[in-house]
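Read the numbers this way: they start at 1 and go in the same order the structure lists the ligands and their atoms.
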Amino acid sequence: MSAYVAPLKDMKFVLQELAGLGAVGQLPGYQEASPDTVDAILEEASKFASQVLDPLNYSGDREGSKWSDGQVTTPKGFKDAYRQYVEAGWGALPISADWGGQGLPRLVATPVEEMWCSANMSFSLCPMLTQGAIHALELRGAPVLQKAFLPKMASGEWTGTMNLTEPQAGSDLALLKTRAVPEGDHYRISGQKIFITFGEHDYTENIVHLVLARTPDAPEGVKGISLFVVPKFLVNADGSLGARNGVACASIEHKLGIHGSPTAVMVFEGAIGYLVGEENKGLAYMFIMMNAARFAVGLEGVAIAERAFQRALAYARERLQGRDLAGGGTVPIIRHPDVRRMLMLMKSQTEAMRALAYVVAAALDVAARHPDAKLREQNQAFVDLMIPVVKGWCTETGIEVASLGVQVHGGMGFIEETGAAQHLRDARITTIYEGTTGIQANDLVGRKIAREGGASAKAWIAHLQALDAELAKSGNADVKAIRAALATGAAAVSESIDYIVAQAGKDVMAAFAGAVPFLKLMGVVAGGWQMARAALAAERLMASGDKAFLEAKLATARFYADQVLVQAPGLRDTVVKGASAVMAVPEDAMLAA
Ligand SMILES: Cc1cc2nc3c(=O)[nH]c(=O)nc-3n(C[C@H](O)[C@H](O)[C@H](O)COP(=O)(O)OP(=O)(O)OC[C@H]3O[C@@H](n4cnc5c(N)ncnc54)[C@H](O)[C@@H]3O)c2cc1C
């Protein structure tokens, strides 16, 4: 079975040439992120991913987390890997130095988190959610809560969870029922949450749950939701652990993938909870955190795609089957054009997704730290536009890539021993949690396009047009072809935006019927934008850099333009011409039985 090797060359190329690591390292407070430091971090992270996390991925999937009498035991080796992770300080990487973290930019944490997830997605989820919980407390927690919880969470001594979902409230959090009754300086929380990732586990003594609930006289719907911290064990004034709180894990789910990650049913029976921020603003706080959480799940799509690609590539080089079309004996299947096509689809889309994700990570850093308010605002608008795209497109494409990985393996892909099937099973959740693709697409079309008349998207298209002028200067045949495909893609996006903005005012169903194809179109073109930039950088560096890598990058960008970006006009047609057909067949006539 192939071992995971972090794609360090590509990661560094994207960081330096596309995402502007140099400029991010100049932002106030980020000066530690020098190229040498970042290189050292990536090298160490790649060792941890390959040597500690990857060897547990397959066994963790086979064994799964186990529930017994309220306790959850993670698969063999996970607890020790988590101990090593904490001791090495990995959990603290992007956390503010105020809480004992290393305060590194999101751009630096991003490739590191990609490695954790490629090597072992189940393992990576607990730190990812802990970071989300830390982020919420940092942003809105009262100082007393921050002091009680953040240092231990930043060090990894305690982990965090996000408790949103209830049986009747998934995509629609307006329906949630968990109650929070005030009592002195705290609240009593009662209700049931389902599907809570790492809601219970054996890694740490304490687990800090962030819980959405309603106070007794809260307004109906999303306006009456508040956010609470509910620790598994209460914390004494001196920081030591106190009594067990009234929250318990009733069971964990049997599921399609991420078997190592326990998905818990949590029961709150008058548990003590502390309000985060103000009452009834819980959903607004969740929205602040959502960019980070949705970005993190989008990155899971990139990570799984990379892992699936590596495994398929290794198999394709070893598996002997069929004769060389050009004449000759039995060959490894990588010699067959169709297998090459599948591998290149995997490679090119993975690289395009990685580039887009890292560029968005850099924009998150600039939006948070740049001294110029206008630049902060512009970058935030770009982030807001692109987050649903990173989440929706990278996860949908991650599944496609993992499925291609199974196909490259032939029958062995369907058999668990090769590990290819695990990637497909693991990837499958990424388009569902943290907002399904449908919900991301609604957000993109409703909040990011229709509401502002397409302004941010048109500002982004202006970047594509500026790039066109750069591409026009190249005499390289690949760059010329990429330029033409990108121009067609940009026009397809622009026409779709005009359609959505026009429809939103008169036929809202038609505007939203093409929401997911529009999200995909945005992803395909944004990926093409980054691959075009990568092609230009490769051309520029060719004389002085790693020639084999740069030639492959240029050829991969060309492949992406010819085989992926070329889908843009079809997607536009789905948005513009196909929308009405979506609603045409009456509900009762759907089943022609
Ligand atoms: C393994 C796993 C881990 C999870 N971890 C967590 C966690 O840690 N914390 C947590 O709080 N939750 C967690 N979840 C819950 C997850 O976020 C929800 O499952 C998800 O938000 C979808 O909600 P739902 O399952 O109720 O589906 P539903 O909301 O019932 O959706 C069903 C279908 O309807 C579509 N749909 C629903 N509403 C709309 C709409 N308005 N427009 C268009 N389409 C729509 C959806 O896209 C989907 O295709 C987890 C779930 C799983 C399976």
Quick one, Glu416 with Arg425, criterion salt bridge (Lys or Arg N to Asp or Glu O under 4.0 Å). Give me CA distance, side-chain angles, the key distance, then yes/no.
CA-CA 11 Å; Glu416 292 289 352; Arg425 289 187 289 99; 2.9 Å; yes

With salt bridge (Lys or Arg N to Asp or Glu O under 4.0 Å) as the test, would you mind laying out the steps for Glu114 and Arg354 before giving the verdict?
CA-CA 9 Å; Glu114 183 196 318; Arg354 175 176 298 119; 2.8 Å; yes

Scan for side-chain hydrogen bond (donor to acceptor under 3.5 Å, both in side chains) pairs involving residues 65-79, sequence neighbours excluded, and state none if there are none.
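Found Thr74-Asp202.
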
For Ser456, all residues meeting side-chain hydrogen bond (donor to acceptor under 3.5 Å, both in side chains), sequence neighbours excluded:
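Ser456: side-chain hydrogen bond (donor to acceptor under 3.5 Å, both in side chains) contacts with Glu452.
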
Think Arg307 forms a cation-pi with Phe309, using NZ or CZ under 6.0 Å from the six-ring centre and within 45 degrees of its axis?
no

Of all residues at least two apart in sequence or in a different chain, which pass the salt bridge (Lys or Arg N to Asp or Glu O under 4.0 Å) check with Glu166?
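For Glu166 the salt bridge (Lys or Arg N to Asp or Glu O under 4.0 Å) partners, ignoring immediate neighbours, are Lys193.
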
Amino acids in close contact with ligand 1, where any non-hydrogen atom sits under 4.0 angstrom away
Met162, Asn163, Leu164, Thr165, Gly170, Ser171, Phe195, Ile196, Thr197, Ile258, Thr263, Ile429, Ile432, Tyr433, Glu434, Thr436, Ile439, Asn442

